[in-house]
There are 2 protein chains.
Amino acid sequence: MSDGNTDVPHPDAHMVAAAVGGRLPGRVPTEEYEACPVTHVVRMLGDKWTLLVLMLLAERAHRFNELHRRVDGISQRMLTRTLRALEDDGLVARTVFPTVPPGVEYELTERGRELLVPLSALADWVVRDRAA
Amino acid sequence: MSDGNTDVPHPDAHMVAAAVGGRLPGRVPTEEYEACPVTHVVRMLGDKWTLLVLMLLAERAHRFNELHRRVDGISQRMLTRTLRALEDDGLVARTVFPTVPPGVEYELTERGRELLVPLSALADWVVRDRAA
DNA sequence: CCGAATCCCTGATGATACTG
DNA sequence: CAGTATCATCAGGGATTCGG
């Protein structure tokens, strides 16, 4: 940061600049890279079950056990953690129904559906480009 | 095309279908999800240093030590591994110059530059959407 | 200069058992 | 049904050293 220039709007200005085609500094500080929101999102998408859960929720809203059944091999623990992470990022909404027994529904938020657009474009490129 | 049967052309047909808006099976087999090329690419992008290395190479070709200097905190080992992974996926090209001492240059391949398009779109959305 | 080989450690993930 | 708690495991990543 600050190579003589005074106006740096965000701590992650460089990554942001990079994202849109700008230049990176001679040396990119670890904190800056780690703090970058783009880094955060890409890391989260790279987590073991995130992509699949997102795809299923893109289809329609699901109950917890419904997801658990559709995702072969996932543990209850990891499904909970994955959903929680998505919820914390505002991509998924959690709704509790005070029935007996209680039911919990997960669905994509508006932001989650928006994310699907560039994400689908990426997936689309991979498919077109012929399996990596 | 579809006389009621549910056969699949590729092992990863489901994920491919999902990528473009299709439906996923009632239960997604682990092998299928793990074998999916989209899963592979997203996971790779999520690796600790991949994004930053890609951004730097998007700027211009770099020598090994040049990258090592620009990426704060990366170990020689991880830089090698990251570059090798990108090379194996055909995103980065490695060129050895038989000078003394030997020099190695890394640059994006055509495929690598193509990946930057959807990837930039994703980064762009993140930035616009307001830092995650 | 570039990178392989080795050792080690922490964080991510899995298995199982237990509650509101 | 939908989690939480706990313990075990494993892979990603870092430090160091050696070789072409």
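Every chain is numbered from 1, with letters handed out A, B, ... down the list of sequences. Note: hydrogens, waters and symmetry copies are ignored here, and every other heavy atom, side chains too, is used.
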Protein heavy-atom contacts under 4.0 Å, written 5' to 3' over nucleotides 13-20 of chain D as B (base), S (sugar-phosphate only) or - (none), form the string BBB-----
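Atom pair A/H62:NE2 and D/dA2:P shows a separation of 12 Å (rounding to whole Å applied). One interatomic measurement links the two molecules: CD of B/E87 to C1' of C/dG3, which rounds to 12 Å at whole-angstrom precision. Whole-Å rounding puts the A/L79 CG to C/dA12 P distance at 18 Å. Rounded to an integer number of Å, the gap from CG of A/L83 to C1' of C/dT13 is 16 Å. In this structure, B/E34 atom CD and C/dG14 atom C1' are separated by 14 Å, rounded to whole Å. The distance from atom CZ of B/R43 to atom P of C/dT13 is 9 Å, rounded to the nearest whole Å. In this structure, A/E105 places its CD atom 17 Å from C1' of D/dG3, rounding to the nearest Å.
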Side chains of residues 73-88 of chain A: which donor-acceptor pairs under 3.5 Å do they make with residues two or more places apart or in other chains?
residue, atom, partner, partner atom, Å
A/S75, OG, A/M78, N, 3.2
A/T80, OG1, A/Q76, O, 3.0
A/T82, OG1, A/M78, O, 2.7

Return all side-chain donor-acceptor pairs below 3.5 angstrom for residues 43-57 of chain A, not counting sequence neighbours, or 'none' if the list is empty.
residue, atom, partner, partner atom, Å
A/R43, NH1, A/E34, OE1, 3.2
A/R43, NH2, A/E34, OE2, 3.1
A/R43, NH2, B/K48, O, 3.0
A/T50, OG1, A/M44, O, 2.9

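Distances shorter than 4.0 Å separate some side-chain N or O of A/R94 from OP1 or OP2 on D/dG3. Contact check, B/Y106 against C/dC1: no side-chain N or O comes under 4.0 Å of OP1 or OP2.
Side-chain N or O atoms of B/R70 include none that pairs as donor or acceptor with a backbone N or O of A/V28 at under 3.5 Å. At least one donor-acceptor pair under 3.5 Å links the side chain of A/D72 to the backbone N or O of B/T30. Between the side chain of B/R113 and the backbone N or O of B/L108, at least one donor-acceptor pair lies under 3.5 Å. Side-chain atoms of A/R94 do not come within 3.5 Å of backbone N or O of A/Y106 as any donor-acceptor pair. Checking side-chain atoms of A/T109 against main-chain N and O of A/A93 turns up no donor-acceptor pair under 3.5 Å.
Minimum atom distance to the side chain of B/R63 is reached by C/dC2, of the listed C/dC2, C/dA4, D/dG3. Here the side chain of B/T80 is nearest to one of C/dC2, D/dG3, C/dA4, namely C/dA4.
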